[in-house]
2 protein chains.
Amino acid sequence: MTVITGLELSPRKVDYLKFILKKGRTVKTTEISSSFKVDPSTTSKTLNELAASGYLNHVPYKGADLTQYGEMYAEFLIRRHRIMSLLLSHYGFSSEEACEEVSRFEAYVSKDAVDKICSAMGHPMFGVCGEITHEKCFHDAQKHG
Amino acid sequence: MTVITGLELSPRKVDYLKFILKKGRTVKTTEISSSFKVDPSTTSKTLNELAASGYLNHVPYKGADLTQYGEMYAEFLIRRHRIMSLLLSHYGFSSEEACEEVSRFEAYVSKDAVDKICSAMGHPMFGVCGEITHEKCFHDAQKHG
DNA sequence: ATCAATGTTTGGTATTCACCCAAATTATCA
DNA sequence: TGATAATTTGGGTGAATACCAAACATTGAT
């Protein structure tokens with residue numbers, strides 16, 4: 001049973017988990033490093049750290065995929081991104097502007113805040129950059145080895 | 001003529017400038033360090049950096065106050081904080097919750113975003129933690145030595 | 001006016017995050 | 001099976017933030 005605050009991961013790690021969840025499969029180091037335009041060695045190290053923290057299974061030279069916990073967590077990350085960008089879209093931001101702006105600060109927005117905003121918005125089903133899922137909205141309690 | 005993006009300063013530096021503007025006078029190192037619960041030596045160094053970047057006048061052993069540019073910038077920082085916390089207050093956050101949440105991520109919110117939200121809100125005069133001033137809303141162009 | 005107490009700065013060190021390069025290692029496919 | 005491509009490891013870097021100890025400046029009380 002782990003309470004998630006939403007502040008567990010650094011911005012880059014948030015990027016990686018969202019990327020892997022969106023891919024929906026095992027991803028190779030190079031896919032990530034080229035997507036984010038960083039050296040593969042940088043990605044490799046970050047992937048190791050995410051694996052060490054239980055978010056990923058990382059098989060060296062093979063690729064990384066989300067653990068059960070990592071998947072649950074990444075779903076929160078996507079929901080946070082979409083809720084926050086939907087919010088900004090209500091204040092004159094285009095979809096692209098909203099996503100870009102949110103990308104800068106989302107790693108520092110707590111799950112409590114996201115849940116509050118999500119409720120106040122009536123648990124919207126669609127954001128400006130994709131569907132918003134709410135299954136995990138009401139029970140924080142998750143096993144985390 | 002300096003265009004401000006709002007992303008110039010790290011979170012701690014943002015804290016310091018807001019603190020000094022709110023005091024409205026020269027502040028001593030210890031006032032800041034005790035307020036933020038860090039070692040005075042840490043504050044002293046950060047004050048030096050802010051002075052080196054032109055935000056502060058720092059007279060060693062005497063105290064620091066805002067330069068003209070620093071004051072203009074700090075006014076933006078306060079406006080950003082107040083606009084963002086007012087925004088959250090519209091989604092079920094109490095004043096305290098809104099301010100606390102915003103404190104975590106405000107350093108990563110761009111001036112363009114603040115200006116958009118500010119416009120969409122109709123340039124509100126009052127936030128949840130104080131007055132909102134808008135003089136600097138419409139002209140980014142400011143001298144910065 | 002001096003000196004002790006207090007406040008401040010400097011120098012040194014640590015951690016976390018995020019990045020790079022070069023070298024070693026593993027995988028893959030022709 | 002061996003060359004090429006992908007990946008990891010080892011070694012560094014810089015920014016941000018912090019602490020401690022020692023040096024230094026200021027101030028106030030005698």
Side-chain angles (χ1 to χ4, degrees), chain A residues 5-20 23 25-66 70 73 77 103-109, chain B residues 5-20 23 25-66 70 73-74 77 103-110:
Chain A
T5 64
L7 308 175
E8 289 80 6
L9 297 181
S10 67
R12 252 323 182 222
K13 287 175 179 168
V14 168
D15 288 341
Y16 285 12
L17 288 198
K18 288 195 303 175
F19 180 90
I20 299 169
K23 288 291 176 186
R25 55 166 173 74
T26 296
V27 301
K28 307 302 258 7
T29 296
T30 307
E31 282 183 83
I32 300 177
S33 66
S34 66
S35 173
F36 292 103
K37 300 194 171 65
V38 298
D39 193 278
S41 67
T42 301
T43 297
S44 184
K45 278 165 188 166
T46 303
L47 253 20
N48 267 344
E49 291 168 4
L50 283 166
S53 312
Y55 295 92
L56 299 179
N57 297 125
H58 184 209
V59 181
Y61 297 100
K62 289 296 189 173
D65 65 350
L66 296 163
Y73 198 87
L77 297 181
S103 297
R104 267 199 287 276
F105 66 77
E106 60 186 350
Y108 307 103
V109 177
Chain B
T5 64
L7 309 174
E8 289 80 6
L9 296 182
S10 66
R12 249 327 182 222
K13 287 175 181 168
V14 168
D15 289 341
Y16 286 13
L17 287 199
K18 287 196 305 176
F19 181 90
I20 299 169
K23 288 292 176 184
R25 55 166 172 75
T26 296
V27 301
K28 307 302 251 17
T29 296
T30 307
E31 283 184 83
I32 299 177
S33 67
S34 66
S35 174
F36 293 102
K37 299 195 171 64
V38 300
D39 194 278
S41 67
T42 302
T43 297
S44 184
K45 278 165 190 168
T46 303
L47 253 20
N48 268 343
E49 292 168 5
L50 283 167
S53 312
Y55 296 92
L56 299 179
N57 297 124
H58 184 208
V59 181
Y61 297 101
K62 288 299 187 172
D65 65 351
L66 297 164
Y73 198 87
L77 297 180
S103 297
R104 267 199 287 277
F105 65 78
E106 59 185 352
Y108 307 102
V109 177
S110 73

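Chain letters run A, B, ... following the sequence lines, proteins first, then strands; residues in each count from 1.
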Check: How do B:Asp39 and A:Ser33 order along DNA chain D: which one's closest nucleotide is nearer the 5' end?
Finding: A:Ser33
Notebook entry, point to check: When you check the gap from the basic side-chain N to the acidic O, do B:Arg25 and B:Glu31 get nearer than 4.0 Å?
Noted result: yes
Notebook entry, point to check: Out of curiosity, A:Ile32 CD1 to A:Thr46 OG1, how far, rounded to the nearest 0.5 Å?
Noted result: 9.0 Å
Check: Hey, is the main chain of A:Gly6 close enough, under 3.5 Å, to the side chain of A:Glu8 for a donor-acceptor pair?
Finding: yes
Notebook entry, point to check: Out of curiosity, A:Ser33 OG to A:Lys28 NZ, how far, rounded to the nearest 0.5 Å?
Noted result: 11.0 Å
Next item on the list: Please tell me if the side chains of A:Leu47 and A:Thr43 come closer than 4.5 Å, counting only heavy atoms from C-beta onward.
Entry: yes
Check: Quick one: A:Asn48 CG to C:dC17 P, roughly how many Å, whole number?
Finding: 15 Å
Item checked: Salt bridge A:Arg12-A:Glu49, side-chain N to carboxylate O under 4.0 Å -> no
Item checked: Partner of B:Asp65 under side-chain contact (heavy atoms from CB on, under 4.5 Å), chosen from B:Val59, B:Asn57, B:Leu56 -> B:Asn57
Close N or O pairs between protein and nucleotides 11-14 of chain C (under 3.5 Å):
| from | atom 1 | to | atom 2 | distance (Å) |
| --- | --- | --- | --- | --- |
| C:dG11 | N7 | B:Lys45 | NZ | 3.1 |
| C:dG11 | O6 | B:Lys45 | NZ | 2.7 |
| C:dG12 | O6 | B:Lys45 | NZ | 2.7 |

Note to self: Rounding to an integer number of Å, can you tell me how far B:Glu31 CD sits from C:dT9 C1'?
What the structure shows: 17 Å
Item checked: Point-to-point distance, once rounded to the nearest 0.5 Å, from OG of B:Ser44 to CG of B:Asp39 -> 10.0 Å
Atom pairs under 3.5 Å: protein N/O with N/O of nucleotides 14-17 of chain D:
| from | atom 1 | to | atom 2 | distance (Å) |
| --- | --- | --- | --- | --- |
| D:dT17 | OP1 | B:Pro11 | N | 3.4 |
| D:dT17 | OP1 | B:Arg12 | N | 3.2 |
| D:dT17 | OP2 | B:Ser10 | OG | 2.4 |

Checklist line | Ring centres under 6.0 angstrom apart (A:Phe105, B:Phe105) | finding: yes
Notebook entry, point to check: With a 6.0 Å cut-off on ring centres, are B:Tyr16 and B:Tyr55 close enough?
Noted result: no
For nucleotides 27-30 of chain C, give me every protein contact, N/O to N/O, under 3.5 Å, one pair per line with atom names.
| from | atom 1 | to | atom 2 | distance (Å) |
| --- | --- | --- | --- | --- |
| C:dT28 | OP1 | A:Lys62 | NZ | 3.4 |
| C:dT28 | OP2 | A:Lys62 | NZ | 3.4 |

Next item on the list: Quickly work out the B:Phe36 CZ to D:dC19 P distance and round it to whole Å.
Entry: 13 Å
